[in-house]
Amino acid sequence: MKRIDYQALLNPAQYEAVTTLYGPLLVIAGAGSGKTRTLVYRMARLVEEGIPPEKILLLTFTRKAATEMLRRASAILSEDRCERVLGGTFHSLSHLMLREYGELVGLSRHFTIMDRGDAEDAINLLRNALGLAGKGRRFPKKETIAAIFSKMVNKMMGLEDLIEAEYPHLLGDIEDLARLFRHYVQYKLEHQLLDYDDLLVYWRRILAEFPRVRESVAERFNFIMVDEYQDTNHLQAEIVRFMAEGHENVMVVGDDSQSIYSFRGANFRNILEFPRLFPGAKIIKLEENYRSTQPILDLANAAIARAKEKYTKCLHTKRKGGELPVVFRGRDEAEQSRFIADRILELREEGVELSDIAVLFRSSYHSFDLELELTKRDIPFVKQGGMKLIETAHIKDIIAHLRIIVNPIDMLSWNRILLLIEGVGPKTSQQLINYLRYTPEPIKALETYPAKPAIREGLGRLARTLLAMAKEGLSPEERLEILFEYYLPLLSRVYHDDYPKREKDLDHLLSIVGRYQDLDDFLTDLALEPPEASVASVEPYDTDRECLVLSTIHSAKGLEWHTVFVISLVEGRFPSGYSLGREDDLEEERRLFYVAVTRARERLYLTYPGTMYIPGQGRTIAKASRFLAELPARLSRNWHEIQAELSPDEASVVINIETGPAFQPGEWVKHPVFGTGQVRGMTDQHKVVVNFETAGTKTLHLKYVKLERLAP
DNA sequence: AGCCCGTCGGTTTTT
DNA sequence: CCGACGGGCT
């Protein structure tokens, strides 16, 4: 094992955090202040001190983040013991614990995890059954109800208090909502269904009610580290408190200025309550920024300075120089998209990798226009955030079939798959479910059900398929293949408009399932770590290909890029129209803007369209976001002014690189991004046409391209 | 009575 | 681009 010179590798504050191993520790870390680095080195330190890695627990916001940190810690120690640290999200940890201890509170080992959509479906079903919907009766949408129920649980608030505080217009519906909530809880219990919140709720409950479990868990995990603590909620804080009982070796890291998940019950004040939860906690602040240039930080500081409540100080860096962030106003969305595509192509020719550039936005649909432009120009991209693969109807169909194999009393899934049968609607499905519900073997019972002749054939085929899938000893992949034989013909009937597109997703799913030995694991991972829906590269499985990143700001948390574009900075989009009414929500939008701009290392572009198409209203004038309007003028430059200052000849030239002697046709050259290629010729003094081996033929402007001559 | 299918409206953020 | 809704069909 390598000895590590921590003092040389870390600044004094980071060093102190890394070497404080025992007792409660709160680290307030500004954006780009080496928060991840600190966590990684602390993990290495613990292992180096002889702590068995399996006694360390690392809780992060996504499982990807945890895996990445463990990989880095192992690299530092040049050994792989760190991989044995248990890392994951609160939800994945709770899931793991419930599979182990769930029986204590009446959970089967094969409970099903519902995603948000499933929860909404169940709520909808119950709402109809209770007669709370339809016919002139005004009742909140299932999305709203699900949000209310989720907030109640995560904030550990009563329904009445929550409605009063956040949904005063629904005060009249409290009784019905309460009744619906009781039924929802009952329904989940009956069918062994757990929504995301239940994972946390049940785990907390076990910890609270069973001191023996608490003891053995505290013994199992001697050291707990929590990342992104500003986005945890009260429920999660309690889980931490219980799990650390006895040893109190808990380190949490966060930045109250980056709290962006209050819609999920997170409260940035949580981070300040940590010292109350763990009296005697040591507090360390990391304030020096290692990521961005000072002009970018100046803009970020100015944006967050207007926040009503904040606790961290100004970010500063020792880095010198840097360009002012650029503001661009396009005539419309199409011009905004063209501008971004133009800049991206220039950056690529400067040698900035596509994957080191990101376009960030408030809501997933804000990038639709840009996606069209990128496709037109053949710029490959991946999109993070927004629609997940598992949220598409056809994938949910598949998942529902698989869930029944694991948990045959999951009547929510039964409902879904029965509705796929021709001739079966909501009524028939409910009757069937009432029949299947209390039979010991629901799948077999399907065939014996006294059904109308019109649907008997369909039920029989479903029963035979499920029986074949349920056979012992099959791999998940084999089960899926059996299912496809049954499902593919359905697909073209049910989704006749666009089934070829959906068929491709099914292939994608098949390629994912191949990695799993256990169906339970596969379903759990799909729910807890859902793969993104769109991989827009031309060849779907070509993940090596370098891609531009399009991402919601929420999904960009913790990441950084050379250049960042923040787009659609228009009132109503960002800040979102939903937030305009409430002060707290607006504050969160502001923090979201802060998170967005602090993702950039070298260059930052803030763009917005002057007009926008709004369905119903047609073309409307867009008003620049208040986040732009409020910025002091000296902190950014306007693109149109930059252009006006340049001579017409230079207008599109960004940087100068000395041009060498003219390239000759037939010469071999190497480009930092496109790789090697052969020169076709020069179109004029400045432009060379190169036929690249993999990237195809490109015309490059010599003033800003880095071409290397290769020996013949 | 219950199902199918075309139309239309309206779109936050995520484990 | 998905879900609610209403009219027509079995």
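In what follows, chains are A, B, ... by sequence order, proteins preceding strands, each numbered from 1.
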Rounded distance (Å) that lies between atom [atom2] of [N] and atom [atom1] of [X]:
X	N	atom1	atom2	value
A:Arg573	B:dT13	CZ	C1'	15 Å
A:Arg582	B:dT12	CZ	P	17 Å
A:Lys151	B:dT14	NZ	C1'	13 Å
A:Tyr261	B:dT15	OH	C1'	9 Å
A:Asn154	B:dT14	CG	C1'	11 Å
A:Glu143	B:dT12	CD	P	9 Å
A:His366	B:dT12	NE2	C1'	8 Å
A:Ile113	B:dT14	CD1	P	19 Å

Looking at [options], which one has an atom nearest to any side-chain atom of [X]?
X	options	result
A:Arg502	B:dT14, B:dG2, C:dC2	C:dC2
A:Lys141	B:dT11, B:dT15, B:dG2	B:dT11
A:Pro530	B:dT15, B:dT13, B:dG2	B:dT15
A:Phe263	B:dT13, B:dC4, B:dT15	B:dT13
A:Tyr196	B:dT12, B:dT15, B:dT14	B:dT15
A:Arg362	B:dT12, B:dT14, B:dC3	B:dT12
A:Lys142	B:dC3, C:dG3, B:dT15	C:dG3
A:Ser555	B:dC3, B:dT14, B:dT13	B:dT14

Determine the contact category for A:Ser364: base if any of its heavy atoms lies under 4.0 Å from a base atom, sugar-phosphate if only primed atoms, P, OP1 or OP2 are that close, otherwise nothing. sugar-phosphate

Need one value for A:Gly577: base, sugar-phosphate or nothing, where a base atom within 4.0 Å counts as base even if backbone is also close, heavy atoms only. nothing

Aromatic contact, [X] with [Y] (centres under 6.0 Å):
X	Y	result
A:His554	A:Tyr261	yes
A:Tyr229	A:Phe274	yes
A:His95	A:Tyr202	no

Nearest-nucleotide comparison on DNA chain B, the residue closer to the 5′ end among A:Thr62 and A:Thr428: A:Thr428

For A:Glu422 and A:Glu529, find the nucleotide of DNA chain B closest to each by heavy atoms; which residue's nucleotide sits nearer the 5' end? A:Glu422

Please determine, by modelled atom types, if A:Asn270 and A:Thr232 share a side-chain donor-acceptor pair under 3.5 angstrom. yes

Tell me which one of A:Val564, A:Ile567, A:Leu569 satisfies side chain to side chain contact (heavy atoms under 4.5 Å, CB included) with A:Leu606. A:Leu569

Does A:Phe90 lie flat on the base of B:dT15, that is, centres under 5.5 Å apart and planes under 30° off? no

Matching residue for A:Arg403 among A:Asp520, A:Asp118, A:Asp410 - test: side-chain hydrogen bond (donor to acceptor under 3.5 Å, both in side chains): A:Asp118

